[in-house]
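Keep in mind the model is a prediction, meaning the values are calculated, not measured. Order of listing sets the numbers, starting from 1, for every ligand and every atom in it.
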Amino acid sequence: MRPAFLSFLASTFGSCAWAVGVTGAAEGFAKGVTGGGSATPVYPTTNAELVSYLGDSSPRVIILTKTFDFRGTEGTTTGTGCAPWGTASGCQTAIDQNSWCTNYQPDAPKVSVSYDNAGTLGITVKSNKSLVGQGSSGVIIGKGLRIVSGASNIIIQNIMITNLNPQYVWGGDAITLDNTDLVWIDHVTTSLIGRQHIVLGNDASNRVTISNNFIDGRTSWSATCDGYHYWNLYFTGSNDLVTFKGNYILHTSGRAPKVGGNTLLHAVNNYWYQSSGHEFEVDSGAKILVEGSVFQNAGQMVETSSVSGQIFTSPDSTTNQACSTYLGRACQLNAYGTTTSYKGTDQGFFQYFSGKNIASASAASAAQSSVPNSAGYGKI
Ligand SMILES: *[C@@H]1O[C@H](CO)[C@@H](O)[C@H](O)[C@H]1NC(C)=O
């Protein structure tokens with residue numbers, strides 16, 4: 001609760017009375033990211049202004065104070081897609097993007113699809129930008145964000161991205177990184193996404209911190225046909241350092257995350273709640289350390305049928321002492337409730353933490369009480 005006195009000041013002097021912009025600083029691998037730095041804040045009022053500010057070559061602090069709805073702005077496409085999981089209501093169907101249906105789902109029934117074009121490709125975000133929502137007013141509907149082609153030093157904080165053709169696989173990704181460096185995604189809520197909530201593509205995304213986000217997997221169209229979103233977090237870059245801390249991952253059925261390429265993932269103090277499938281896919285090249293996190297009613301912690309990378313799940317306090325050499329402290333135990341845990345003891349990748357900025361870790365019990373209340377937009 002804000003005292004009435006402060007509310008009076010805020011309403012009297014508006015945003016000028018307060019420091020406007022990014023709150024706090026990135027912890028972990030993207031520590032030091034500054035985004036638009038001390039650039040004079042800009043307040044886009046139209047979709048075109050938002051796109052222009054994000055895509056120009058000036059350092060910018062871009063403050064969102066309203067909803068930007070991109071649905072319908074680029075037309076719709078109607079065509080033939082496929083139904084790999086059947087045509088029952090509740091099942092996602094797929095757009096035939098890059099002949100995906102033809103190449104990968106040749107036996108799936110063909111179905112008609114009609115989707116909003118704006119959702120399928122995100123807004124380009126160039127280097128040296130901070131994109132920050134004010135209170136809980138910063139919402140982008142129908143289009144994601146795309147950080148690619150060498151863009152670096154970017155902060156995305158306190159916004160919601162929602163409604164990217166959620167009924168269709170390939171309907172759109174909320175936040176895409178591919179060939180980037182120093183990106184911080186913080187206090188962002190993503191919901192009703194067709195494809196991935198956050199995707200780090202096959203090129204190097206380098207130093208990334210993903211913190212305090214709310215990955216909301218509740219949906220009426222699921223690849224597992226059960227109301228739980230399957231495509232959530234996809235980390236397969238060729239040289240990626242990902243700090244994943246304080247995130248709330250709700251109601252998913254798979255790929256939360258899928259990790260491969262050459263990715264060092266430090267997953268710390270996250271809260272996974274309600275999964276009908278698995279959390280981690282540990283593909284070749286994955287180097288995953290999970291600690292201080294909570295898995296509650298979360299299905300399988302690891303998809304055990306396909307573990308081909310490296311994972312350390314901080315299994316017991318004696319084994320967790322091994323973290324001291326490269327993290328400077330013992331690792332924190334995870335906590336499990338009605339979840340199939342996984343004992344990963346691989347320490348062969350700990351050396352890659354050497355010399356890096358490493359996020360601190362609290363006990364899982366602290367994450368359990370704080371993360372559901374603090375993750376997502378509108379909480380800072
Ligand atoms: C971003 O800011 C840094 C530091 O001021 C500068 O060196 C760099 O050229 C900027 N990048 C772009 C693409 O403007």
- Mind checking the CD-CG spacing from Glu279 to Leu233? Nearest 0.5 Å is all I need. 10.5 Å
- Task: Ignoring hydrogens, tell whether any protein atom lies closer than 4.0 Å to atom 9 (O) of ligand 1; use the non-hydrogen atoms only.
- Result: no
- Going by atom types only, do Gln368 and Ser365 share a side-chain donor-acceptor pair under 3.5 Å? no
- Using protein heavy atoms only, decide if any is under 4.0 Å from atom 14 (O) of ligand 1. yes
- Could you find the nearest protein heavy atom to atom 3 (C) of ligand 1 and give me its residue, atom name and distance? Asn128 ND2, 3.6 Å
- Message: We want to know whether Thr339 and Gln300 form a side-chain donor-acceptor pair, criterion being a heavy-atom distance below 3.5 angstrom.
- Response: no
- Sub-4.0 Å atoms of ligand 1 with respect to non-hydrogen atoms of Ser127: 13 (C)
- Query: If two hydrophobic side chains count as joined below 4.5 Å and joins carry through other members, does Leu54 share a cluster with Ile159?
  - Reply: yes
- Query: Would you say the side-chain atoms of Thr67 and Asp69 include a donor-acceptor pair closer than 3.5 Å?
  - Reply: no
- Item | Distance flag for atom 5 (O) of ligand 1, protein heavy atom under 4.0 Å | no
